[in-house]
Amino acid sequence: MDDPTRMLSGLTGLSGLGQADVGDPDAVRKQALGQPQQDIGDILQQIMAITDESLDEAQARKHALNCHRMKPALFSVLCEIKEKTVLSIRGVQEEDPPDPQIMRLDNMLLAEGVSGPEKGGGSAAAAAAAAAAGGSPTDSSIEHSDYRAKLAQIRQIYHSELEKYEQACSEFTNHVMNLLREQSRTRPISPKEIERMVAIIHRKFSSIQMQLKQSTCEAVMILRSRFLDARRKRRNFNKQATEVLNEYFYSHLSNPYPSEEAKEELAKKCGITVSQVSNWFGNKRIRYKKNIGKFQEEANLYAVKTAVDAASVSAQASQANSPATPNSGGYPAPCYTPDGRL
DNA sequence: ATACATGATTTTGA
DNA sequence: TCAAAATCATGTAT
């Protein structure tokens with residue numbers, strides 16, 4: 001980017017027709033053919049030399065060339081040659097369709113509320129989603145202000161960078177277009193050629209933009225996983241909830257697999273979701289099985305509790321004899337001893 | 001600071 | 001597709 005002139009000479013020599021003000025090429029050529037070869041060689045030499053000179057030197061030489069009597073003739077020859085070569089080159093680099101990857105990134109950024117209209121829509125939606133996902137409202141709102149702040153930060157960086165790129169792009173485009181216009185006085189450059197040049201520049205810049213978008217997406221994803229991953233905001237269930245769950249577990253120790261309906265009821269009683277109930281039972285089963293000894297005390301506690309409950313209920317009902325602990329089969333029955341050993 | 005407890009997710013196996 | 005098992009990431013007690 002530090003030497004636009006070189007890039008220009010490399011890219012613009014490819015295509016385009018002569019300019020409209022060239023006039024009839026044949027007529028001019030006849031004139032040209034009448035001149036000594038020496039002249040044309042000389043002019044060409046000078047034109048080639050322009051690219052190697054400093055801008056000031058080139059400026060002076062360009063002016064000299066413009067005033068040269070052979071200039072119109074040479075110009076027309078260049079036009080003609082160019083027209084011929086361009087036929088074989090045309091179609092080599094036609095329009096490519098909008099990059100699907102950049103579209104994907106755009107959509108993602110839009111969905112995350114990074115790009116698009118000012119804060120509101122995106123973050124509000126995210127907040128709603130987080131709230132729906134569970135967790136107490138206060139927690140999620142506290143964590144969410146943090147999340148939103150970070151997101152806003154990313155958003156701000158993204159926009160300022162994007163703006164910078166856009167500005168640089170348009171500046172560079174302008175610069176190049178001016179140069180091309182300037183050069184079009186000494187060599188034929190069609191509007192179409194300029195157009196193509198601009199397109200090339202834009203492609204280059206958009207590939208830079210894509211990198212920006214990509215890294216922004218990455219940052220947002222990391223942020224999301226940092227804040228929205230349920231594991232990271234785990235809260236223990238309250239005592240009453242665990243009590244209810246444990247009660248069910250130990251009173252169904254022979255088959256601690258609550259049905260869907262039972263789960264729903266437990267969920268309602270505990271103020272948690274059905275899948276949380278499922279998680280709890282899954283964890284409880286495996287951990288109980290893994291170390292029955294460790295849970296012995298707890299098991300006894302709940303056995304006694306349910307026994308007492310049942311006793312009081314049945315006592316109320318009919319003064320019946322005390323019910324046995326409902327423990328039979330399934331998991332290895334914990335063998336109760338008064339001191340808690342197996 | 002550390003180890004252990006616990007809810008959630010991921011992997012694995014039937 | 002469900003549950004077990006393994007694992008993760010945090011909460012909590014010491």
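Proteins get letters first, then strands, A, B, ... in listed order; numbering begins at 1 in each.
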Restricting both atoms to N or O, compile the protein contacts to nucleotides 4-6 of chain B shorter than 3.5 Å, with distance only.
residue, atom, partner, partner atom, Å
B:dT6, O2, A:Arg234, NE, 3.1
B:dT6, O2, A:Arg234, NH1, 3.2
B:dT6, O2, A:Arg234, NH2, 3.0

* Tell me, please, which residues at least two apart from A:Tyr302 pass ring pair (Phe, Tyr, Trp, His ring centres under 6.0 Å). => A:Tyr250
* To do: State whether a side-chain donor-acceptor pair under 3.5 Å links A:Glu161 with A:Gln209.
  => no
* Presence of A:Tyr257 side-chain N/O under 4.0 Å of C:dA4 phosphate oxygens OP1/OP2 -> yes
* To do: Would you indicate, yes or no, if B:dA8 has its OP1 or OP2 atom less than 4.0 angstrom from a side-chain nitrogen or oxygen of A:Gln276?
  => yes
* Asked: Aromatic rings A:Phe281 and A:Phe249: how do their planes relate, parallel, tilted or perpendicular, breaks at 30° and 60°?
  -> tilted
* A:Ala267 versus A:Val274, closest heavy-atom pair with distance -> CB-N, 3.9 Å
What is the separation between atom [atom1] on [X] and atom [atom2] on [N], rounded to the nearest whole Å?
X: A:Asn255; N: C:dC2; atom1: CG; atom2: C1'; value: 14 Å
X: A:Asn279; N: C:dC8; atom1: CG; atom2: P; value: 17 Å
X: A:Lys239; N: C:dT12; atom1: NZ; atom2: P; value: 12 Å
X: A:Leu245; N: B:dA8; atom1: CG; atom2: P; value: 11 Å
X: A:Phe281; N: B:dA8; atom1: CZ; atom2: C1'; value: 17 Å

* Asked: Which sits closer to the 5' end of DNA chain C, A:Asn283 or A:Lys263, going by the nucleotide each is nearest to?
  -> A:Lys263
* Asked: A:Thr273 side chain to A:Gln276 main-chain N or O, any donor-acceptor pair under 3.5 Å?
  -> yes
* Please tell me if the side chains of A:Gln183 and A:Ile189 come closer than 4.5 Å, counting only heavy atoms from C-beta onward. => yes
